[in-house]
Enquirer: 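I have a structure here, written as structure tokens, and I will follow up with some questions on it.
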Number of protein chains: 2
Amino acid sequence: MPERKSRKDAVRNREAVLAAADALFARRESSADITMADVASEAGVGKGTLFRAFGDRAGLLRALYEARLEPMRQAVEAGPPPLGPATPPQDRVTALLDAVLCFKLDNRRLALALEESGSGSPYQAEHYEQWHGMLQAVLEQIPGLTDGDFTAHALLAATRADLVEHLAGEERIPRERVRAQFANFVTRILVPGPPQGLTATE
Amino acid sequence: MPERKSRKDAVRNREAVLAAADALFARRESSADITMADVASEAGVGKGTLFRAFGDRAGLLRALYEARLEPMRQAVEAGPPPLGPATPPQDRVTALLDAVLCFKLDNRRLALALEESGSGSPYQAEHYEQWHGMLQAVLEQIPGLTDGDFTAHALLAATRADLVEHLAGEERIPRERVRAQFANFVTRILVPGPPQGLTATE
DNA sequence: CGTAAACCGGACCCAGGGTCCGTATTCTGG
DNA sequence: CCAGAATACGGACCCTGGGTCCGGTTTACG
């Protein structure tokens with residue numbers, strides 16, 4: 001077996017760092033002014049350790065993010081309806097997007113930090129690819145819907161962390177209202193236009 | 001009058017800096033690795049001058065951006081149809097959003113730089129407020145459309161610089177195709193669902 | 001146990017944004 | 001046209017914060 005089993009102090013420290021970072025983000029400090037040194041000291045660990053474990057700042061953020069994302073991914077891939085695969089496309093798209101939105105609402109600060117911290121566009125991130133791919137696939141099962149690729153992007157764009165933060169954070173719009181509005185928006189996209197081509201656009 | 005008419009070397013240098021920055025961004029260097037020192041030297045000017053004129057990096061970007069945005073703003077506020085005020089809401093929304101998209105397509109690198117360069121969420125930027133406000137106002141003139149505020153945000157989100165860059169830049173989707181897809185998307189939102197509630201969803 | 005590999009941590013490096021201040025330029029009034 | 005004040009110039013300098021390095025320590029394994 002190629003894997004040598006990592007040393008236990010290494011794992012312990014990795015956990016410590018994750019926990020520390022979590023804690024720091026919870027303490028509503030604006031993601032921007034949480035320095036790597038902060039995280040290290042909060043975790044009771046040296047900077048070297050931190051960087052060896054996660055590579056760089058973006059790596060740390062990613063690790064945190066994916067840890068939190070994991071449960072949801074499983075629910076989507078093999079869970080019960082409405083998220084799981086055994087749901088009719090229409091409803092599943094709605095459920096999927098609502099889930100993403102809720103996730104962003106619950107993890108605003110982290111998601112924000114991730115998108116901000118340079119690391120290139122979010123569109124290269126692996127998890128984005130996953131969501132987009134999945135969503136696109138489901139969208140394309142809906143009759144009368146074209147451009148699944150673009151549509152998936154456009155819908156996901158409405159759940160961008162900074163937008164969510166703006167709505168829920170700055171404008172203080174209550175969570176349920178944001179969800180309702182977004183659901184409404186999604187529905188408009190899903191429900192095909194009037195049956196016969198009686199509505200403009202030639 | 002409080003304004004003291006600035007010295008001519010000051011204005012000259014301001015122009016020089018703007019031009020230099022423009023040039024640098026044209027030279028497709030990834031916005032991230034254009035340093036303030038670069039801009040200064042390209043403009044044949046000291047860093048001090050540059051910072052006095054624009055405050056900070058974000059200030060410079062903003063100045064550039066708004067300069068390029070100006071023509072469009074006028075076209076929207078008082079120009080001829082389809083952008084101007086004398087257009088029926090439905091068509092105007094489409095035109096507006098297409099214009100924004102085109103702008104982003106034409107100024108990808110700059111728009112990207114602006115969104116990336118920290119400076120807080122784009123949602124606090126003044127020009128965003130303007131677009132959003134305008135769009136919302138027009139949207140609310142369309143019968144059967146609720147949540148103008150949210151809808152405006154969501155639609156604009158689909159024109160985010162990094163998304164546009166991803167589509168047109170990475171995925172090499174031709175300009176006209178992106179426009180068409182987006183137009184399609186917008187239309188789906190504008191056209192209210194089927195007249196009678198005859199389409200699924202209960 | 002003994003040894004080598006893996007890990008630790010904090011001193012250190014460096015880029016880049018932003019500031020400072022002595023000097024040069026421009027404006028104003030006489 | 002000149003003196004003096006106000007303003008701008010520019011590059012040396014500061015400082016934060018991400019990322020690296022290496023001597024010393026801990027752990028895994030035979």
Side-chain angles (χ1 to χ4, degrees), chain A residues 1-21 24-25 29-65 110 112-120, chain B residues 1-21 24-25 29-65 110 112-120:
Chain A
M1 41 191 64
E3 292 294 323
R4 254 193 80 87
K5 178 184 177 186
S6 41
R7 279 169 47 164
K8 75 177 174 214
D9 50 353
V11 248
R12 177 169 40 75
N13 281 332
R14 190 186 164 87
E15 296 308 315
V17 168
L18 247 13
L24 283 184
F25 280 109
E29 330 232 5
S30 161
S31 59
D33 43 43
I34 293 180
T35 134
M36 292 302 265
D38 289 342
V39 177
S41 94
E42 170 85 9
V45 137
K47 279 179 65 177
T49 305
L50 192 164
F51 278 96
R52 193 166 332 94
F54 297 96
D56 59 6
R57 187 187 171 95
L60 171 59
L61 275 318
R62 260 198 307 275
L64 261 181
Y65 197 73
L110 176 56
L112 250 182
L114 187 59
E115 287 190 5
E116 282 177 1
S117 87
S119 88
Chain B
M1 43 191 62
E3 291 294 323
R4 258 194 77 86
K5 179 182 175 185
S6 37
R7 275 168 50 164
K8 75 174 174 219
D9 50 351
V11 254
R12 178 170 38 78
N13 281 331
R14 190 186 165 87
E15 296 306 316
V17 167
L18 247 12
L24 283 184
F25 279 109
E29 330 230 6
S30 161
S31 60
D33 43 44
I34 293 180
T35 127
M36 292 304 265
D38 289 342
V39 177
S41 94
E42 170 85 9
V45 136
K47 280 179 65 176
T49 305
L50 193 163
F51 278 96
R52 190 162 339 92
F54 297 96
D56 58 6
R57 186 186 172 95
L60 172 58
L61 276 318
R62 260 198 308 273
L64 262 181
Y65 198 74
L110 176 57
L112 251 182
L114 187 60
E115 286 191 5
E116 282 178 0
S117 88
S119 90

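Source: prediction; values computed, not measured. Every heavy atom of this structure was used, including side-chain atoms; hydrogens, water molecules and symmetry mates were not. In what follows, chains carry the letters A, B, and so on, assigned in the order in which the sequence lines appear, proteins first and then strands, with residues in each chain numbered from 1.
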Enquirer: Tabulate below the donor-acceptor pairs under 3.5 Å that side-chain atoms of residues 39-52 of chain B make, not counting sequence neighbours, or state none.
Expert:
residue : atom : partner : partner atom : Å
B/Ser41 : OG   : B/Asp38 : O            : 3.4
B/Glu42 : OE1  : B/Arg27 : NH2          : 3.4
B/Glu42 : OE2  : B/Arg27 : NH2          : 3.1

Enquirer: Please state how far atom CZ in A/Phe54 lies from atom P in C/dC7, giving the value in whole angstrom units.
Expert: 13 Å

Enquirer: Which residues pass the ring-ring contact (aromatic ring centres under 6.0 Å, His included) test with A/Phe25, not counting sequence neighbours?
Expert: none

Enquirer: Protein within reach of the bases, or only the backbone? For nucleotides 18-25 of chain C, mark each nucleotide 5' to 3' as B, S or -, using heavy atoms under 4.0 Å.
Expert: BBB----B

Enquirer: Which residues pass the salt bridge (Lys or Arg N to Asp or Glu O under 4.0 Å) test with A/Arg7, sequence neighbours left out?
Expert: A/Asp9

Enquirer: Specify the closest pair of heavy atoms between A/Met36 and A/Arg57, including all atoms of both residues, with the distance to one decimal.
Expert: CE-CA, 3.5 Å

Enquirer: For A/Asp56, check salt bridge (Lys or Arg N to Asp or Glu O under 4.0 Å) against everything at least two apart and list the hits.
Expert: none

Enquirer: Nearest whole Å is fine: how far is C/dG16 C1' from B/Asp33 CG?
Expert: 12 Å

Enquirer: Between A/Asn13 and C/dC7, does any side-chain N or O lie under 4.0 Å from OP1 or OP2?
Expert: no

Enquirer: Whole angstroms only, please: what is the CG-P distance between A/Leu50 and C/dG9?
Expert: 10 Å

Enquirer: Look at A/Thr35 and D/dT16 and indicate whether a side-chain polar atom (N or O) is within less than 4.0 Å of OP1 or OP2.
Expert: no

Enquirer: If you compare all heavy atoms of B/Arg14 against all heavy atoms of B/Ala53, which two are closest, and at what distance to 0.1 Å?
Expert: NH1-O, 3.4 Å

Enquirer: In whole angstroms, how far is the P atom of C/dC8 from the CZ atom of A/Arg14?
Expert: 12 Å

